[in-house]
Amino acid sequence: MLLIPCPWCGEREETEFHHGGEAHIERPKDPDKLSDEEWADYLFMRKNTKGVYLERWVHQYGCRRWFNVARNTATNEIVGAYKMGKKPPKGAG
Amino acid sequence: MVDPYLRQSPLAHLHLDARVASDGGLTDAAVILAELPHRGQLLLRGDTGNPTFRDAVEKAIKTGLPTTAGTVSGSSKGTHIIWQGPDEWLVVTKPGAEEKTKKALFLAIANQHAAVTDLSESRTVIRITGDNAREVLMKGCSVDLHPRVFGPGHCAETLLAQAHVILHQTVAHKTSGIPTYEIYVYRSFAEYLWTWLEDAGREFGVKVATA
């Protein structure tokens, strides 16, 4: 069980959250100009990091806000949580 | 809004008023449960960083918005505002006062990027108090309810026995420190949560009180 530090509510149990996959993936500005490979890369291809990974979480049964978490996928240590649009904490990602 | 004569509490079939009569006095109860049905509940959305919005709300309902996460402003017996998110609040009124409050808010935030939605029928409120009230909640809730961090005027949206609830501690008794909590639960979960609370409180002794 993870204790996830919601930037608004503080540390809460993992069951209150939903996981949202890799963070900082930007939608291409002009999808029509992409090749099928580039589009597939945007849609499906994700990193499979062993180590600190930047991912999105939503505090579903709390304040219902989306935010980012830097979590070590090997140890489950949470390096930090930060709001959408902010930069990851130092030493992460 | 539902016509008042059609309103029915989601716990109506448990005949809690008859339980109150048969439970007799409450002097020896360690856990006291009551339903507070039909409260007005208005969801308010708006920009907390905009003083025009904050002032308009405060002027309209005589209660300032809580801007600190997990806190409640106003009088817990009358109109109060529960923090639900950085741009989201639940305005709670006495039963029947929601229409008036909604109109006042609606006029106050007109022409602003803000919204008010009447959710009064969506949840009911269960009040729990008594010597062991906190222990009962701790059986199904991972939020730290120790008085050091969670006291009167604090609220948390969380899971209680897997049910999605808003917990609000209204008061703590002046001398004994016995807390009183109000639990906002979606009406389809209300019977489940009520029976769970009765079961969790059984070892201490549960009695039912009037609202």
Side-chain angles (χ1 to χ4, degrees), chain A residues 1-27 29 52-93, chain B residues 43-49 65-72 81-90 115 117 119 122-123 137-146 148-151 153-169 183-186 188-189 192-193 196:
Chain A
M1 180 71 72
L2 296 174
L3 271 182
I4 298 175
C6 168
W8 286 276
C9 304
E11 281 193 340
R12 295 289 188 91
E13 216 173 60
E14 184 184 348
T15 47
E16 292 186 15
F17 298 84
H18 284 175
H19 186 255
E22 188 179 343
H24 304 295
I25 289 175
E26 252 181 71
R27 186 184 165 86
K29 288 214 165 56
V52 177
Y53 187 58
L54 304 177
E55 57 194 8
R56 300 181 303 165
W57 288 82
V58 60
H59 195 185
Q60 185 74 25
Y61 300 107
C63 60
R64 287 174 302 284
R65 286 325 107 157
W66 283 93
F67 59 96
N68 297 319
V69 171
R71 177 179 64 94
N72 189 316
T73 55
T75 62
N76 255 344
E77 182 204 358
I78 290 176
V79 182
Y82 53 105
K83 293 176 184 177
M84 284 288 167
K86 304 280 181 201
K87 289 200 169 132
K90 271 186 187 170
Chain B
L43 186 77
L44 179 65
R45 303 290 306 261
D47 179 6
T48 187
L65 288 170
T67 48
T68 308
T71 59
V72 180
I81 308 180
I82 296 175
W83 187 93
Q84 286 218 282
D87 59 4
E88 189 171 343
W89 299 269
L90 192 70
T117 314
L119 301 179
S122 66
R123 301 181 183 92
L137 295 183
M138 279 161 59
K139 287 187 185 185
C141 178
S142 64
V143 174
D144 187 358
L145 297 176
H146 193 281
R148 192 175 50 226
V149 287
F150 198 92
H154 283 111
C155 66
E157 198 169 338
T158 184
L159 294 171
L160 176 58
Q162 270 65 260
H164 186 183
V165 299
I166 305 167
L167 269 183
H168 171 204
Q169 184 174 344
I183 307 164
Y184 292 73
V185 58
Y186 287 114
S188 54
F189 286 86
Y192 158 72
L193 192 67
W196 183 87

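If you're wondering where the values come from, they're calculated on a predicted model, not measured in any experiment. Just so it is clear: chains get the letters A, B, ... in the order the sequence lines come, proteins before strands, and each one is counted from 1.
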For atom NZ of Lys86(A), is the number of surrounding heavy atoms from other residues, nucleotides or ligands below 6.0 Å larger than 12? no
Nearest non-hydrogen partners of Gly85(B) and Cys63(A), listed with the distance: CA-CB, 4.1 Å
Between Arg65(A) and Glu88(B), does the salt bridge (charged side-chain N to carboxylate O under 4.0 Å, His left out) criterion hold? Intermediate values first, please. CA-CA 10 Å; Arg65(A) 286 325 107 157; Glu88(B) 189 171 343; 2.5 Å; yes
Top residue by heavy-atom pair count (under 4.5 Å) with chain B, among His59(A), Gln60(A), Arg64(A), Glu11(A)? Arg64(A)
So which heavy atom on Ala69(B) is nearest to which on Trp8(A), and how close? CB-O, 3.2 Å
Glu14(A) atom CD: more than 12 heavy-atom contacts under 6.0 Å: yes
Assess the residue pair Val143(B) and Glu16(A) against the criterion (side-chain contact (heavy atoms from CB on, under 4.5 Å)); give the C-alpha distance rounded to whole Å, side-chain angles, the decisive distance to 0.1 Å, and a yes or no. CA-CA 11 Å; Val143(B) 174; Glu16(A) 292 186 15; 4.3 Å; yes
Looking only at heavy atoms, which two atoms of Leu159(B) and Thr15(A) are closest? And how far apart? CD1-O, 3.7 Å
At under 4.5 Å between heavy atoms, what parts of residues 17-27 of chain A are in contact with chain B? List them by residue number. none
CD-SG distance between Glu13(A) and Cys141(B), expressed to the nearest 0.5 angstrom: 9.0 Å
Does Gln169(B) have any side chain to side chain donor-acceptor pair (under 3.5 Å) partners at least two apart in sequence or in another chain, and if so, which? none
Looking at every non-hydrogen atom in both residues, tell me the closest pair between Arg12(A) and Ala156(B) and how far apart they are. NH2-CB, 3.5 Å
Exceeds 12 heavy-atom contacts within 6.0 angstrom, atom CZ of Phe189(B): no
